[in-house]
K.L.:
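Here it is, the structure in full.
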Amino acid sequence: MVLSIKRIYAPISADDGERIFVDRLWARGISKEKAKLTDWVKTIAPSTEVRQRFGHDPGGFPTFKQAYDTELDENPQTPAFIERIKAGLGRGNVTLVYGAKDEQHNNAVVLLTYLQDHLTK
């Protein structure tokens with residue numbers, strides 16, 4: 001089974017499997033019904049402070065990644081989220097859905113890498 005990321009505005013596919021929105025704020029211009037999400041897990045998203053400090057500046061992405069990784073390590077919700085992803089992958093594909101325009105520099109990219117590192121432990 002595959003763990004992937006996808007922008008919330010991208011077309012929905014049967015290959016998406018479970019669709020979990022991983023942003024703290026809702027994406028503008030799309031209804032929750034149209035997004036066809038399995039869940040919205042705000043508690044796994046970066047804090048407002050870390051998100052605002054990043055400001056979606058690609059030059060600040062390494063610092064953002066480090067700060068978000070630290071938050072994930074310290075977040076008491078992270079172990080349960082990792083287990084949830086493992087269970088979801090046992091049933092099929094899981095797609096982490098995000099709203100950012102930049103497809104290479106966003107929290108879902110960091111979260112995907114973090115989960116890939118921790119799913120094998």
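Since the structure is predicted, the reported quantities are computational estimates derived from the model, not experimental observations. When a residue number appears, it is its place in the shown sequence, counting from 1.
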K.L.:
Of all the heavy-atom pairs spanning Ser47 and Glu71, show the shortest one and how long it is.
P.N.:
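Minimum heavy-atom separation between Ser47 and Glu71: OG-OE2, 2.5 Å.
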K.L.:
Check whether Val109 and Ile85 end up in the same hydrophobic cluster, where Ile, Leu, Val, Met, Phe, Trp and Tyr are linked by side-chain heavy atoms less than 4.5 Å apart.
P.N.:
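Looking at the clustering, Ile85 is in the same group as Val109.
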K.L.:
Following the transitive rule for hydrophobic clusters with a side-chain heavy-atom cut-off under 4.5 Å over Ile, Leu, Val, Met, Phe, Trp and Tyr, establish whether Ile82 and Val41 coincide in one cluster.
P.N.:
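Linked within one cluster.
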K.L.:
Are Val2 and Val94 connected into the same hydrophobic cluster when the rule is that any two of I, L, V, M, F, W, Y join if their side-chain heavy atoms are below 4.5 Å apart?
P.N.:
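Unlinked, Val94 and Val2 end up in two clusters.
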K.L.:
Where is the tightest heavy-atom contact between Val22 and Ala45, given as atom of each residue plus distance?
P.N.:
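The pair with the smallest heavy-atom distance is O-CB, 3.3 Å.
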K.L.:
Which heavy atom of His56 sits nearest a heavy atom of Ala100, and at what distance?
P.N.:
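Reported closest heavy-atom pair: CE1-CB, 3.9 Å.
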K.L.:
Under the side-chain contact (heavy atoms from CB on, under 4.5 Å) rule, what do Tyr68 and Asp73 come out as? Steps first, then yes or no, please.
P.N.:
CA-CA 9 Å; Tyr68 185 28; Asp73 286 341; over 6 Å; no
K.L.:
Against Ile44, only a single residue in Asn75, Ile20, Leu115 fulfils side chain to side chain contact (heavy atoms under 4.5 Å, CB included); can you say which?
P.N.:
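Per the side chain to side chain contact (heavy atoms under 4.5 Å, CB included) rule, the option paired with Ile44 is Asn75, out of Asn75, Ile20, Leu115.
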K.L.:
If you define the side chain from C-beta out and look only at heavy atoms, does anything of Asn93 sit under 4.5 Å from Glu18?
P.N.:
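The answer is no; the side chains never approach within 4.5 Å.
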K.L.:
Within 45° of the six-membered ring axis of Trp26 and under 6.0 Å from that ring's centre, is NZ or CZ of Lys32 located there?
P.N.:
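Judged by the rule (NZ or CZ under 6.0 Å from the ring centre, within 45° of its axis), Lys32 counts as positioned above Trp26.
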K.L.:
Check whether more than 12 heavy atoms from other residues, nucleotides or ligands sit under 6.0 Å from atom CD of Gln66, and answer yes or no.
P.N.:
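No - once you tally the heavy atoms of other residues, nucleotides and ligands closer than 6.0 Å, there are 12 at most.
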K.L.:
Give, for atom CD1 of Ile5 and atom CG of Leu96, the distance between the pair rounded to the nearest 0.5 Å.
P.N.:
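Going from the CD1 atom of Ile5 to the CG atom of Leu96 covers 7.5 Å.
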K.L.:
With rounding to the nearest 0.5 Å, note down the distance linking CG in Asn106 to CD in Gln104.
P.N.:
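The CD atom of Gln104 is 9.5 Å from CG of Asn106, to the nearest 0.5 Å.
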K.L.:
In the structure I gave you, are the side-chain heavy atoms of Asp16 and Arg19 within less than 4.5 Å of one another anywhere?
P.N.:
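Yes, at least one pair of side-chain atoms sits under 4.5 Å.
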K.L.:
With a 4.5 Å heavy-atom cut-off, do Leu3 and Leu89 have their side chains touching?
P.N.:
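Result yes, sub-4.5 Å side-chain heavy-atom pair found.
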K.L.:
For the residue pair Lys34 and Ile12, what are the closest heavy atoms and their distance?
P.N.:
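Heavy atoms of Lys34 and Ile12 come nearest at O-CD1, 3.3 Å.
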K.L.:
Within the distance-only criterion (no hydrogens, no angle test), does the side chain of Trp40 pair as donor or acceptor with the backbone N or O of Asp23 below 3.5 angstrom?
P.N.:
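Yes, Trp40 side chain to Asp23 backbone: donor-acceptor pair under 3.5 Å.
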K.L.:
Would you find a donor on one side and an acceptor on the other, under 3.5 Å apart, between the side chain of Thr43 and the backbone of Gln77?
P.N.:
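Side chain of Thr43 to backbone of Gln77: no pair is present.
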K.L.:
For Asp15, does its backbone N or O pair with a side-chain atom of Ser13 as donor and acceptor, under 3.5 Å?
P.N.:
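Such a contact is found between Ser13 side chain and Asp15 backbone.
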K.L.:
Could you pull out the closest heavy-atom pair between Ala67 and Arg53, with the gap in Å?
P.N.:
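That would be CB-NH1, 4.5 Å.
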K.L.:
To the nearest 0.5 Å, how far apart are NZ in Lys65 and NE2 in His105?
P.N.:
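Going from the NZ atom of Lys65 to the NE2 atom of His105 covers 12.5 Å.
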K.L.:
Measuring from atom CG of Leu25 to atom CZ of Arg51, what distance do you get when rounded to the nearest 0.5 angstrom?
P.N.:
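Taking CG in Leu25 and CZ in Arg51, the distance rounds to 4.5 Å.
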K.L.:
Check the orientation of His118 and Tyr114. Use parallel for under 30°, tilted for 30 to 60°, and perpendicular for over 60°.
P.N.:
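Parallel: the ring planes of His118 and Tyr114 meet at under 30°.
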K.L.:
Got a second to check how far Ile30's CD1 is from Phe21's CZ, nearest 0.5 Å?
P.N.:
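Interatomic distance, Ile30 CD1 to Phe21 CZ, rounded to 0.5 Å: 9.0 Å.
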K.L.:
Rounded to the nearest 0.5 Å, how far does CZ of Arg7 lie from CG of Asp102?
P.N.:
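Those atoms lie 9.5 Å apart.
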K.L.:
Would you please test Asn107 and Phe54 for side-chain contact (heavy atoms from CB on, under 4.5 Å) and show each step?
P.N.:
CA-CA 10 Å; Asn107 64 301; Phe54 171 45; over 6 Å; no
K.L.:
Could you walk me through whether Arg84 and Asp39 pass salt bridge (Lys or Arg N to Asp or Glu O under 4.0 Å), step by step?
P.N.:
CA-CA 11 Å; Arg84 177 177 183 181; Asp39 201 0; 2.5 Å; yes
K.L.:
Could you tell me which non-hydrogen atom of Ala27 sits nearest to which non-hydrogen atom of Ile8, and how far apart they are?
P.N.:
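Residues Ala27 and Ile8, closest heavy atoms: CB-CG2, 3.6 Å.
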K.L.:
Taking a hydrophobic cluster as the set of Ile, Leu, Val, Met, Phe, Trp and Tyr residues connected by side-chain heavy atoms closer than 4.5 Å, whether directly or through intermediates, do Tyr9 and Tyr98 fall within one such cluster?
P.N.:
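No, Tyr9 does not connect to Tyr98 through the hydrophobic network.
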